[in-house]
Amino acid sequence: MEKPFAITLDVGTSKANHTGSWRTERPVYIDRLPPCNNACPAGENIQSWLYAAEEGGEGYEKGWRQIMADNPFPAIMGRVCYHPCETSCNRAQLDTAVGINSIERFLGDEAIKQGWSIEVTAPLTGKRVLVVGAGPSGLSAAYHLRRAGHEVAIYDAEPAAGGMMRYGIPKYRLPREILDAEVQRILNMGVTLDLNRKVTNVEAEMRAGNFDAAFLAVGAHIGKRAYIPAGEAAKIMDAISVLHGMEDAEPPMLGRRVVVYGGGNTAMDVARTAKRLGATEAVVVYRRNREKMPAHDFEVTEAIEEGVRMKWLSTIKHADGGKILIEKMELDETGFPQGTGEMEELEADSVVLALGQDADLSLLEGVEGIESDGGTVAVSPNMMTGHPGIFAGGDMVPDERTVTVGIGHGKRAARNIDAWLSGVAYAGTHKHELASFDKLNTWYYSDAPQSMRPTLDVARRTSTFEEVVGGLDENNAVYEARRCLSCGNCFECDNCYGVCPDNSVIKLGPGKRFEFDYDYCKGCGICVAECPCGAISMEPETM
Amino acid sequence: MPYQPIKFYQTGSFVVGNRLLDVEARSTQSDPKRANTLTSGHRACQGCGEALGARYALDTVSRVTGGKMIASNATGCLEVFSTPFPETSWQIPWIHSLFGNAPAVATGIAAAMRVKGRDDVRVVGQGGDGGTVDIGFGCLSGMFERNDDVLYICYDNEAYMNTGVQRSGATPGGARTATTQPVGPHPGNEFGQGKNLPRIAMAHEIPYVGTATVADLRDLEYKVEKAMTFRGARYLHILVTCPLGWGSASRDSIRIARLAVETGIFPVFEAERGEVTGVTKIRRRVPVEEYLKLQRRYAHLFGKKPQPEILHNIQAAADRNITRYGLLDDTPDDLKPPGEAKDAATSGHDEAQPEDSETDAMALTSESFEGAR
């Protein structure tokens, strides 16, 4: 036997002593569900694409493809999504949340710049699916159905695709070339799109086109009205028509003093649009206070920065040409606004109502099994209406009305339609236990505040429709992606491998993670305590 | 100092490895082919800090020397749990000395290597705090004084753990051991006694003295590597948690060592020829209670009959360390915003690899070698 340097005596190695028998508990590698993934209405695997993007370079395309597995609109998401992922991000409890939305936008923009595309690799099924409505939900469903190998046709009543992304979201939040690019990418996959084609009877259209299933996502485009006593000269419009009119050759005439009635995101969009159209005065009248406003806080902040005035705790009692009468309100103990009788006059050339919208459900009239409350249509958890083969999603079904939720509906519907067409039930995916903050050992993370995206100077943005929020550049996008804590999922930091006093962690190599050597693991639990991301758990040893 | 010149990553340089770093910048312990100088099957308790510290330190020596190293080991836990004949966990040439003479045995090996002209073989002496601070102290002081070419490492778990947790010269004030029971007017170990061996080593003005803990692997590896750039007597004092003697949960071994640093109880610094040249700053300062409450050897300070005076003394000692070594001050490189961190880290790197001080050390050592002949 050749002995190592300076070894003269034969000794046995201590490896003969299997110390694993001392153990009462064993460490086990697990995956936990990161809170960002859990919060994403579109079901994106956010952590996974951040992980890819951290590498920079080729990692960007890898990351982008990971987003595309769940959501065909990264560049749009990076602009209009209200990012519940960031709200739930564990890093917020450490310094500030990871700027997930900014990175998504960077990847989306990079894809458009580089011309990355998606090939349909699934074998064609020969099944045909009709999608009614080319909004976020319809496009999302069409995209996923096409990737699954189905033939998909979209019918839309408008002259251009996008739905609320075009006719509801102002340009300063979503430039149209971005929207066009991401829609075109879906069409390039072989999805057909018929514009200016309003579906009035869905069953007749399905028969005529020989469709096996249909997904309805016509949105909610009918502005809710409130009865306001008004003089003949009063100019009252609804918000959704105003925003829709922004896509026409001639923008709507709102006048110099515009009053917007309502406290949601649409109200903010209209008020900010009015400012850009040259209104000297844009006032939002809302019956409760700021805390109760349904609009997202950053939208309110940006609107105020741009000079939009807020009249909280006020209702409009009467409108007439050039002026309106508003009543001061106060909140009672249940938080409901009650009139105080105190009146105030406000100058107004026009009043825009932003009080929510209803869906136009006329295409479902007479269809058997459909349940509807007038404004929305009921669907089961698999997104199917009461009529077999007809699915629905987006703003026309009862849920939160955001682009991302609609996209999530589209994906879920597509998965279920795909299963339904092959005569099986969609099993869904298994959800791991949540990786909450207390599962982390945050000592190991560097302190690093969020990189903020640049915002246009206030003066410049109130006069133009240029995009308000800028993008990250390559450097800060990587930096931002690397702030991810990888909650609940091993990112191969080698801590367990290093801290084991018994060398009983086996490193399997890049991408392959680790394995325990239970012959020697004494079950001390240091690896569990020192795992930064909570990807190891201690389980009782069975005899 | 010990912070790597890296950009912001998920975990900076705090974790053992980092997949985004260049291979050369990664730690020895993250290497799948690390030496595992102390291999599996040893009989140390669950969560033993000493087993961990010894592997961290000697794996680094092994990497730096290409495996050409010999270790002498004083009696104590480390020797007993690693080598119950005919088994051993050591995968390096290793000799068990007596309890009190590990530094002298190491000196002898170094002399033998010199005679044989094997200056490529480096010698390490090691032992626990009992074998170092008390029983082997005379031999160690002699080794320092003669500036013998040995790196001596003390794994300090603050008592004689192998024989049943008796007080040593390194046991801190207030701590309960088998011989310092929490009874009488001064429960636990006395204050104002014991030895601070890193400072005693500095007083010998040997080339290099460093302290480290098992909680900061990168710092520990850095110090071992730094120590190996010198010839002559070098001393490392590593704080290692002892779940058995300290009465702590085995999973908390690293956490407790980390808290010893963050409270100021255990100052982490390095010194060359008697002068402090660098300290590890406290990152998130916490009161000493957070450290003490995790250990049953301090349980008598809390509970039904709390001992605010002892607590006060311990906090005062920690505060003194903070002032004496300047443990607070500026932000470590790793925590600075991207632009700044880069420059700062680069200069830190220069500092960490002092070309000229290394040459000085070599010059001095060859001189003393001449003298010895």
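Because only heavy atoms are used, hydrogens play no part in the values below, and waters and symmetry mates are left out as well, while side chains stay in. Just so it is clear: chains get the letters A, B, ... in the order the sequence lines come, proteins before strands, and each one is counted from 1.
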Where does [X] contact chain A at under 4.5 Å (heavy atoms): side chain, backbone, both or neither?
X        : value
B/Arg258 : side chain
B/Asp31  : backbone
B/Leu217 : neither
B/Arg255 : both

Q.
Quick check for you: among B/Ser89, B/Gly49, B/Ala51, which has the greatest number of heavy-atom pairs under 4.5 Å with chain A?
A.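 With the most close heavy-atom pairs to chain A, the winner is B/Ser89.
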
Within the side chain of [X], is there an N or O that forms a donor-acceptor pair under 3.5 Å with the backbone of [Y]?
X        : Y       : answer
A/Lys522 : B/Gly47 : no
A/Tyr444 : B/Val16 : no
A/Asn503 : B/Leu38 : yes
A/Asp502 : B/Ser40 : no

(Q) Do B/Arg283 and A/Trp443 form a cation-pi contact, if we require the NZ or CZ to be under 6.0 Å from the six-membered ring centre and within 45 degrees of the ring's axis? (A)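 Yes, a cation-pi geometry.
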
Q.
Salt bridge check, B/Arg251 against A/Glu25: does any charged N sit closer than 4.0 Å to a carboxylate O?
A.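 Result for this pair is no, no salt bridge flagged.
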
**Q.** Per-residue contact mode, A/Thr19 against chain B (heavy atom under 4.5 angstrom)
**A.**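 The answer is the side chain of A/Thr19.
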
